[in-house]
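Predicted, not measured: the structure shown is a model, and the values here were computed from it.
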Amino acid sequence: MRIMTWNIQNGGAGPNFSRPDLGNVQNIVDVIEGENPDVAVIQEYQTDFERMMLGEGLERLSYRHTVWRGDADRGRRNRVLIASKLPFEDRERPNLSDYSKRNWNEIFIPGQELLVIGVDVPLAETRTLGGRIRDNRRAKKQFLDTLLDRFREYQSSEVSALILGDFNLYAEAVYGEYLARFEELFTEITSKEATWRDKKLDCIFANRALMGRISERALTPRAAAFSDHKYFFLEMIDRKEAAS
């Protein structure tokens, strides 16, 4: 079983927010098709590119998906999309602001007894399209505190749990200390290499119940020319094989 996580940068349309490159969206789909994960956790998905990304892309490749549909009129708002070839159940998002709900996606895969939580932790400071600086510290801390509760809830659970995505945390970042708190509860299984410029922002955390099913440790990020973030793969042993 293979699980992928990737921040695809502005919906996959490249770095220029005002001049999206639709061909680049197809490049993102092509990479996912080539890697063929069972589950893909995609950060910065945007509904403006739904037809190319989903209708002509992942759905054609036999993926079902789930994504927060609030703020339907804001098609360039970044969201966390989970696409899966395996049957899954949507889990209700926690009590977060509408602004933050888009950055959280949670599913349960019954056939694997696996909980998957995909996140794109909000930045502490963002800019509006008009260039105005927006202070997001409160939203970021609320998100991180809610995430910490999930880590605590599933630390010793018999249910295998995976929390992965773009954490937007490093030593000098606002609330960077949360990384150490997460690592006390789950095991961070990726290598220490940078995933965005010179910083490691993307992580995969596994709880105790899941560790015996992981077939590779210290996963190495893979670069693609179509996003500013590298992506990770997690190879897992099927639940039935792990039990035998």
Side-chain angles (χ1 to χ4, degrees), residues 1-14 17 20-22 24-94 96 98-109 114-123 143 147 150 162-168 195-196 201-205 222 224 226-234:
M1 180 181 176
R2 178 178 259 199
I3 298 177
M4 177 185 193
T5 180
W6 193 11
N7 182 322
I8 60 173
Q9 189 181 26
N10 293 334
F17 193 86
D21 181 353
L22 297 183
N24 202 60
V25 179
Q26 184 59 52
N27 290 331
I28 296 291
V29 173
D30 290 344
V31 171
I32 296 172
E33 180 177 18
E35 298 289 8
N36 192 30
D38 297 289
V39 178
V41 179
I42 304 297
Q43 301 90 51
E44 295 199 16
Y45 165 77
Q46 296 178 1
T47 57
D48 265 7
F49 311 113
E50 181 161 327
R51 178 179 59 82
M52 293 189 67
M53 190 73 189
L54 295 178
E56 298 174 1
L58 298 183
E59 291 176 355
R60 178 180 59 81
L61 301 174
S62 301
Y63 287 97
R64 292 175 53 234
H65 68 274
T66 179
V67 67
W68 188 66
R69 295 288 180 179
D71 288 341
D73 59 326
R74 300 185 181 184
R76 296 303 305 273
R77 175 156 278 185
N78 291 332
R79 305 159 196 263
V80 174
L81 173 93
I82 297 183
S84 175
K85 291 184 176 181
L86 304 174
F88 67 86
E89 301 167 358
D90 267 307
R91 288 294 179 91
E92 185 176 353
R93 287 169 177 76
L96 295 166
D98 284 354
Y99 179 82
S100 294
K101 279 181 181 177
R102 64 195 172 93
N103 291 324
W104 184 299
N105 207 343
E106 186 170 344
I107 66 170
F108 181 71
I109 303 175
L114 174 65
L115 178 77
V116 178
I117 300 177
V119 299
D120 187 1
V121 175
L123 294 169
F143 192 101
L147 192 55
R150 279 291 197 277
L162 197 61
I163 303 178
L164 69 170
D166 182 354
F167 284 76
N168 279 311
T195 60
W196 179 80
L201 303 183
D202 307 86
C203 303
I204 299 177
F205 290 92
R222 303 186 185 187
F226 314 119
S227 174
D228 57 345
H229 281 252
K230 297 178 182 179
Y231 61 88
F232 281 117
F233 271 112
L234 169 65

Atom pair [atom1]/[atom2] of [X] and [Y] - distance to nearest 0.5 Å:
X: Asn36; Y: Ser62; atom1: CG; atom2: OG; answer: 9.5 Å
X: Asp38; Y: Ser84; atom1: CG; atom2: OG; answer: 7.5 Å
X: Met4; Y: Arg2; atom1: CE; atom2: CZ; answer: 9.0 Å
X: Ile28; Y: Phe49; atom1: CD1; atom2: CZ; answer: 11.5 Å

- Task: Specify whether Tyr231 and Trp6 have parallel, tilted or perpendicular ring planes, treating 30° as the upper limit for parallel and 60° as the lower limit for perpendicular.
- Result: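 Correct class here is tilted.
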
- Task: State plainly whether the residues Glu106 and Arg93 are in salt-bridge range, i.e. N to O under 4.0 Å.
- Result: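 No salt bridge links Glu106 with Arg93.
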
- Message: Test your reading of the model: is there a side-chain donor-acceptor pair from Asn168 to the backbone of Val121, 3.5 Å cut-off?
- Response: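 Yes; at least one donor-acceptor contact below 3.5 Å.
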
- Side-chain donor or acceptor of Arg77 paired with backbone N/O of Gly70 under 3.5 Å: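 Here the side-chain-to-backbone pair does not exist.
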
- Task: Would you sort out whether Asp202 and Trp196 count as a side chain to side chain donor-acceptor pair (under 3.5 Å), showing the intermediate values?
- Result: CA-CA 8 Å; Asp202 307 86; Trp196 179 80; over 6 Å; no

- Message: So Asp98 and Trp68, do their side chains get closer than 4.5 Å, heavy atoms only?
- Response: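 Yes, close enough: below the 4.5 Å cut-off.
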
- With respect to Ile8, which candidate in Gln46, Met53, Gln43 satisfies the side-chain contact (heavy atoms from CB on, under 4.5 Å) definition?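 With Ile8 as partner, side-chain contact (heavy atoms from CB on, under 4.5 Å) holds for just one option, Met53.
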
- Message: side-chain contact (heavy atoms from CB on, under 4.5 Å) for Ile107 and Asp90? Distances and angles first, verdict last.
- Response: CA-CA 5 Å; Ile107 66 170; Asp90 267 307; 4.2 Å; yes

- Query: So, is the end of the Arg102 side chain (NZ or CZ) under 6.0 Å from the ring centre of Tyr99 and within 45° of the ring's axis?
  - Reply: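 Cation-pi check for Arg102 and Tyr99: passes.
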
